[in-house]
Protein chains: 2
Amino acid sequence: MIVKPVSIAICAPGKRLEREHADAVQALVAGDERFDLQFHPQCFARHGHFAGTDEERLAALVECANEPAIDAVWFAMGGYGANRIATDAIARMGAAAQNKRFLGYSDTGYLLAGLYKAGIGLPAHGPMVGDVRRDYGTAAMRRALDWLADGTEGLEPSLADQPPAAAFNLTTLAMLCGTSLMPDLTGHVVMVEEVSEHLYAVDRLFFHISQHLQGIAGIRLGRISDVPENDRPFGASEEEIAQYWCAKAGISYLGRADIGHDAANKIVPFGLAGRGA
Amino acid sequence: MIVKPVSIAICAPGKRLEREHADAVQALVAGDERFDLQFHPQCFARHGHFAGTDEERLAALVECANEPAIDAVWFAMGGYGANRIATDAIARMGAAAQNKRFLGYSDTGYLLAGLYKAGIGLPAHGPMVGDVRRDYGTAAMRRALDWLADGTEGLEPSLADQPPAAAFNLTTLAMLCGTSLMPDLTGHVVMVEEVSEHLYAVDRLFFHISQHLQGIAGIRLGRISDVPENDRPFGASEEEIAQYWCAKAGISYLGRADIGHDAANKIVPFGLAGRGA
């Protein structure tokens with residue numbers, strides 16, 4: 001039996017991808033007829049902070065989304081920059097984008113949010129190509145590839161019997177709140193994770209998002225990793241922070257989520273689709 | 001002629017004040033019959049990250065605001081924490097708070113915003129007691145004291161012939177947007193400043209605030225100081241960032257403002273009051 005491979009287009013809406021990381025992931029699927037990975041040349045472009053100018057990143061993303069022969073769009077890296085092209089990219093997406101899976105997290109959350117709001121494709125929060133560089137990065141790649149090929153092995157465990165969900169980097173979600181990219185998350189479980197932020201900043205971000213998320217089903221806290229040393233202790237743990245602001249805002253705190261800026265980052269499809277049969 | 005001194009109460013809604021900085025400011029006004037500075041003991045309290053627990057900081061602020069013998073409330077320090085007590089503090093403020101001046105910036109912007117929204121007193125963005133530690137800190141203290149005694153010498157120059165104004169630290173404003181503390185800034189000139197943030201973070205914050213500030217008279221950019229070294233250049237200056245997002249959002253970019261996390265930080269009273277006769 002000949003199985004048509006899943007064609008996955010890779011582009012970089014924010015930071016550029018190192019060629020060696022692309023090569024490592026390409027090597028992982030070498031000889032595996034289930035996957036056809038197509039790295040858009042824009043992944044390796046440079047323009048100041050970004051993987052090419054806004055116009056280059058926008059054009060590459062729209063090309064990947066609108067190509068009928070492509071089944072899924074996998075984001076190469078986070079970094080910063082997806083918010084600068086998200087609105088224009090989504091406006092240009094056509095019929096071929098409708099059934100594609102889109103996978104990323106961190107800064108690409110602006111795109112996941114906007115796609116979900118626009119009802120385009122199936123956006124999910126999960127590993128990106130550049131995560132191959134992490135310890136246990138190979139496992140993250142296998143998890144991502146499995147989901148991009150309609151698998152369910154890497155789903156975040158609490159999705160098993162839950163309301164619709166969405167997941168975000170905490171800063172990204174805070175910056176999304178109240179903007180034209182923000183989807184209606186009423187009734188959703190919202191999972192958040194953060195990296196390299198002081199606990200006082202996490203507290204400040206929870207102050208902000210908890211006032212914007214009225215009507216959600218609840219919040220789950222992913223990993224808050226690589227918290228920098230501060231000159232004085234904050235005085236509350238990350239979970240106490242989440243519980244404090246959830247209680248103030250009348251939002252249910254539902255416990256931990258298995259997501260984070262690490263190779264163990266599980267997959268959270270937005271909404272209810274993408275969880276298998 | 002005997003002139004009644006201006007009684008100024010000092011409390012610390014976020015970070016604690018070092019005793020030596022209180023002493024330095026007290027020494028500055030020693031023998032000056034125009035000023036009576038009253039440092040609330042809470043300024044020097046410690047609790048984790050904060051100048052005392054939420055309850056202690058809240059109680060001190062409310063006490064200073066509601067004491068009829070006090071003419072003005074001067075915030076000791078920024079840091080982080082004012083947003084944790086602002087809503088409760090404002091709810092407890094009584095008649096004696098109505099005519100007081102409130103002066104601070106940075107993290108105390110949550111209080112300035114909430115006071116302005118509630119129509120309580122005369123909040124202004126300007127130097128805090130802890131700024132005495134900076135180079136030229138004495139000039140900042142004299143500027144603050146002048147304004148607290150109804151002077152106009154230290155006003156931000158563009159206020160001379162402008163619409164109502166407000167000024168914020170950029171992160172503080174971003175966290176305020178869409179929350180219950182956020183005042184209606186329609187028709188206002190909004191000035192922003194930032195410190196110790198990467199330019200990509202400044203860009204991200206402008207993305208957020210520009211979508212929330214529809215209907216304002218325009219934005220003025222204060223100083224963006226102590227930008228950390230990044231592993232790659234951002235590719236746009238702070239002013240290009242402000243201009244880019246203002247243009248996208250249809251907001252007038254009005255040029256620079258003479259505010260910042262430094263001793264030159266000029267005073268911006270919220271609204272139109274506090275600018276002299």
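In what follows, chains are A, B, ... by sequence order, proteins preceding strands, each numbered from 1.
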Q.
In the structure I gave you, are the side-chain heavy atoms of B:Asp54 and A:Tyr244 within less than 4.5 Å of one another anywhere?
A. yes
Q. Any side-chain heavy atom of A:Met175 sitting closer than 4.5 Å to one from B:Leu205?
A. yes
Q: State plainly whether the residues B:Arg84 and A:Asp203 are in salt-bridge range, i.e. N to O under 4.0 Å.
A: yes
Q: Could you tell me which residues in residues 209-223 of chain A have at least one non-hydrogen atom under 4.5 Å from a non-hydrogen atom of chain B, sorted by residue number?
A: A:Gln211, A:His212
Q: Determine which residues belonging to residues 42-52 of chain A lie within contact range of chain B, meaning some heavy atom pair is under 4.5 Å apart, and list them by number or answer 'none'.
A: A:Gly48, A:His49, A:Phe50
Q) For chain B, which of A:Gly79, A:Gly81, A:Pro233 has the most heavy-atom pairs under 4.5 Å? A) A:Pro233
Q: Determine, step by step, whether B:Arg204 and A:Thr172 satisfy the side-chain contact (heavy atoms from CB on, under 4.5 Å) criterion, reporting the C-alpha distance in whole Å, the side-chain angles of both residues, the deciding distance to 0.1 Å, and the verdict.
A: CA-CA 9 Å; B:Arg204 190 165 63 187; A:Thr172 304; 5.8 Å; no
Q. Under 6.0 Å from the CZ atom of A:Arg133, do we count more than 12 heavy atoms belonging to anything else shown?
A. yes
Q. Do other residues, nucleotides or ligands put more than 12 heavy atoms under 6.0 Å from B:Arg19 CZ?
A. no
Q | B:Ser180 versus chain A, the contacting section by heavy-atom distance below 4.5 Å | A | both
Q. How far does CG of A:Asn83 sit from CH2 of B:Trp245, to the nearest 0.5 angstrom?
A. 5.0 Å
Q.
My understanding is that only residues two or more places apart in sequence, or in another chain, count here; which of them pass ring-ring contact (aromatic ring centres under 6.0 Å, His included) with B:Tyr110?
A. A:Phe207
Q: Identify, with sequence neighbours excluded, every residue that meets ring-ring contact (aromatic ring centres under 6.0 Å, His included) alongside A:His198.
A: A:Tyr200
Q.
Using every non-hydrogen atom in the two residues, find where B:Asp88 and A:Lys248 come nearest and quote the distance to one decimal.
A. OD2-NZ, 4.3 Å
